[in-house]
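Here is the structure we will look at, set down as structure tokens.
Being a predicted model, the structure only gives us computed values, none of them experimental.
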Amino acid sequence: MNTNELVVTLLATVLTAVISYCGNVLVKNNRALTIVRALEPLAKDAVVAAQKLGVTEYLSGVAKKSHAVQTVAQALSNAGFTVKDEQVIKNAVEKAYAQQRDLLKQYPQKKED
């Protein structure tokens, strides 16, 4: 094998490894982007659902937040995604609550007995 063939073979091997690595990084980033895009609407729906639960039975704010976080986590899991850092989901739920504060007022909450 002459020097040119050796260099071409070496470059082809390195290029294949780099392309494979870049492909894996893009796939991981695409999954993360998909989760981020899905998180906001899921959190909004979960907050409304938790607020509606408070109409028929007393739920503290902490209980409603917990319910909304569990709902989002379950929806992501059902779609085949896992979020290892639950704080990301909690932040999305808190943001959804803050953005929908006026909407949520239309669901009168049951008082504690």
Side-chain angles (χ1 to χ4, degrees):
M1 185 182 283
N2 66 30
T3 307
N4 288 341
E5 290 176 348
L6 182 61
V7 169
V8 169
T9 303
L10 181 62
L11 287 176
T13 303
V14 169
L15 186 57
T16 302
V18 168
I19 290 172
S20 176
Y21 172 77
C22 288
N24 287 337
V25 168
L26 288 174
V27 166
K28 287 179 184 176
N29 285 340
N30 191 27
R31 286 183 62 83
L33 183 59
T34 301
I35 290 172
V36 168
R37 286 182 178 159
L39 201 53
E40 185 174 342
L42 286 174
K44 285 182 177 183
D45 291 346
V47 166
V48 171
Q51 187 75 7
K52 286 181 178 179
L53 279 177
V55 172
T56 57
E57 61 183 88
Y58 172 76
L59 289 176
S60 68
V62 172
K64 286 189 261 185
K65 178 181 175 183
S66 176
H67 183 271
V69 168
Q70 289 174 356
T71 300
V72 172
Q74 186 62 50
L76 288 172
S77 176
N78 291 346
F81 297 106
T82 55
V83 177
K84 294 180 181 175
D85 185 4
E86 191 175 274
Q87 189 62 44
V88 172
I89 297 174
K90 289 179 181 178
N91 291 344
V93 166
E94 289 173 3
K95 179 182 176 188
Y97 177 80
Q99 289 176 336
Q100 300 181 102
R101 188 165 270 166
D102 291 336
L103 171 71
L104 298 175
K105 289 179 183 176
Q106 72 183 354
Y107 303 109
Q109 299 298 289
K110 184 170 183 173
K111 302 293 180 197
E112 185 175 17
D113 294 330

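Remark: Lys44 engages Glu40 in a salt bridge, criterion side-chain N to carboxylate O under 4.0 Å.
In this structure, Leu59 and Gly54 approach most closely via the heavy-atom pair CD1-N, 4.1 Å. A pairwise comparison of heavy atoms in Val55 and Tyr107 identifies CG2-CB, 3.7 Å as the closest pair. The shortest heavy-atom contact between Val83 and Leu76 is CG2-CD1, 3.6 Å. Minimum interatomic distance between Gln51 and Leu104 (heavy atoms only, all atoms of both residues): NE2-O, 3.5 Å. For Gln106 against Leu103, the heavy-atom pair with the smallest separation is CG-O, 3.0 Å. Pairing each heavy atom of Thr56 with each of Lys110, the nearest pair is O-CD, 3.4 Å.
The backbone N or O of His67 sits less than 3.5 Å from a side-chain atom of Thr71, completing a donor-acceptor pair.
Under the 4.5 Å side-chain heavy-atom criterion for ILVMFWY residues, a single connected hydrophobic cluster contains both Val72 and Val48. In the hydrophobic clustering of this structure, Phe81 groups with Val69; members are Ile, Leu, Val, Met, Phe, Trp, Tyr whose side-chain heavy atoms approach within less than 4.5 Å, directly or through other members. In the hydrophobic cluster analysis, where Ile, Leu, Val, Met, Phe, Trp and Tyr join through side-chain heavy atoms closer than 4.5 angstrom, Val36 is grouped apart from Val88.
For the atom pair CD (Gln109) and NZ (Lys52), the distance works out to 12.0 Å, reported to the nearest 0.5 Å. Here the CZ atom belonging to Arg37 is positioned 14.5 Å from the CG atom belonging to Leu42, to the nearest 0.5 angstrom. Atom-to-atom distance recorded for Glu94:CD and Ile89:CD1 is 12.5 Å, nearest 0.5 angstrom.
Every residue was checked against the salt bridge (charged side-chain N to carboxylate O under 4.0 Å, His left out) condition with Lys84, not counting sequence neighbours, and none meets it.
Other residues, nucleotides and ligands contribute only 12 or fewer heavy atoms inside 6.0 Å of the CD atom of Glu86.
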